[in-house]
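Worksheet for the structure shown next.
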Amino acid sequence: MAEGLLGRLSGKGAVPAKEFEVSLPDEEWRKKLTPEQFRILRQHGTERAGASPLDKQYGPGIYHCAGCGQRLFPAKTKFNSGTGWPSFWAPLDGAVETNSDRSFFMVRTEVHCKRCGGHLGHVFDDGPQPTGLRYCMNGVSLDFHPGEPEPEGGAKSG
């Protein structure tokens with residue numbers, strides 16, 4: 001896989017340097033995840049726009065982290081951003097964390113699962129109200145549970 005300068009340009013980085021509730025060695029993650037999930041969740045890859053069937057999924061339910069099962073986004077916060085990736089205006093309270101991503105000669109805000117550190121996508125400030133945010137997620141990093149009710153506390157509203 002890409003390392004050094006090529007790795008940084010391609011967005012392939014490391015999971016944030018902190019202790020997570022769910023922490024596995026790479027060989028265990030490789031057993032648990034598909035190769036594409038590993039590339040995105042553990043190596044900060046990006047799926048091709050329009051590749052995920054979750055982009056067009058608008059039924060009720062909850063989107064979970066495909067790595068550890070953490071509840072991330074309620075379907076009621078999903079919207080059609082026209083980008084080709086599943087997009088949400090807010091995560092569930094306490095579900096995700098962010099950090100600075102300096103790959104591809106730009107600065108973006110990377111979104112990762114608070115529980116396992118898995119790379120989910122990026123957040124931008126061009127989304128709808130009430131937050132004005134667009135959480136642009138890789139569909140392969142998500143596991144949709146149709147019909148699952150939203151947990152107490154709900155999504156952030158701003």
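Heavy atoms only: backbone and side chains are in, while hydrogens, waters and symmetry mates are out.
In this structure, Tyr63 and Phe88 have perpendicular ring planes: the angle between them is above 60°, well past the 30° mark. Between Phe124 and His122, the ring planes lie tilted relative to each other; the angle falls in the 30° to 60° range. Using cut-offs of 30° and 60° on the angle between ring planes, the pair His112 and Phe20 is perpendicular.
Checking side-chain atoms of Thr98 against main-chain N and O of Thr109 turns up no donor-acceptor pair under 3.5 Å. Checked by atom type and distance alone, the side chain of Arg115 pairs as donor or acceptor with a backbone atom of Cys68 at under 3.5 Å. Checking side-chain atoms of Arg39 against main-chain N and O of Thr46 turns up a donor-acceptor pair under 3.5 Å. Asp125 contributes no side-chain N or O that, together with a main-chain N or O of Leu133, makes up a donor-acceptor pair within less than 3.5 Å. A donor-acceptor pair under 3.5 Å links the side-chain atoms of Gln57 to the main chain of Gly59, judged by distance alone.
The shortest non-hydrogen separation linking Phe73 to Ala90 is CD2-O, 3.3 Å. Contact record, Asn138 with Ser141: O-OG, 2.6 Å, taken as the closest heavy-atom pair. Counting all heavy atoms, side chain and backbone alike, Ser87 lies closest to Cys136 at OG-CA, 4.1 Å. In terms of heavy atoms, Ala75 sits closest to Phe144 at CB-CE1, 4.4 Å. Scanning all heavy atoms of the two residues, the minimum distance from Gly127 to Phe79 falls at CA-CZ, 4.3 Å.
You'll find the side chain of Trp29 stays beyond 4.5 Å of the side chain of Gln37, heavy atoms only. A 4.5 Å side-chain heavy-atom check between His64 and Glu148 finds at least one atom pair inside the cut-off. Looking only at side-chain heavy atoms (C-beta outward), Ile40 and Leu120 stay at 4.5 Å or farther from each other. Contact check for Ser52 versus Glu47: side-chain heavy atoms found under the 4.5 Å cut-off. Contact check for Phe38 versus Gln43: side-chain heavy atoms found under the 4.5 Å cut-off. Within the 4.5 Å cutoff, the side chain of Val22 has no heavy atoms near those of the Gln70 side chain.
Distance check: Cys113 SG to Arg71 CZ gives 13.0 Å after rounding to the nearest 0.5 Å. Separating the CD1 atom in Ile62 from the CG atom in Leu142 is a distance of 12.0 Å, to the nearest 0.5 Å. To the nearest 0.5 Å, the span separating CG on Leu92 from NZ on Lys114 amounts to 12.5 Å. Interatomic distance, Met137 CE to Leu54 CG, rounded to the nearest 0.5 Å: 12.5 Å. Here the straight-line distance linking atom NZ of Lys78 with atom CG of Asp55 works out to 5.5 Å at 0.5 Å rounding. Between the CG atom of Leu41 and the SG atom of Cys65 there is a distance of 5.5 Å, given to the nearest 0.5 Å.
Remark: Arg30 does not engage Glu27 in a salt bridge, criterion side-chain N to carboxylate O under 4.0 Å.
Applying the under-4.5 Å side-chain rule to Ile, Leu, Val, Met, Phe, Trp and Tyr, the cluster around Tyr58 consists of that residue alone.
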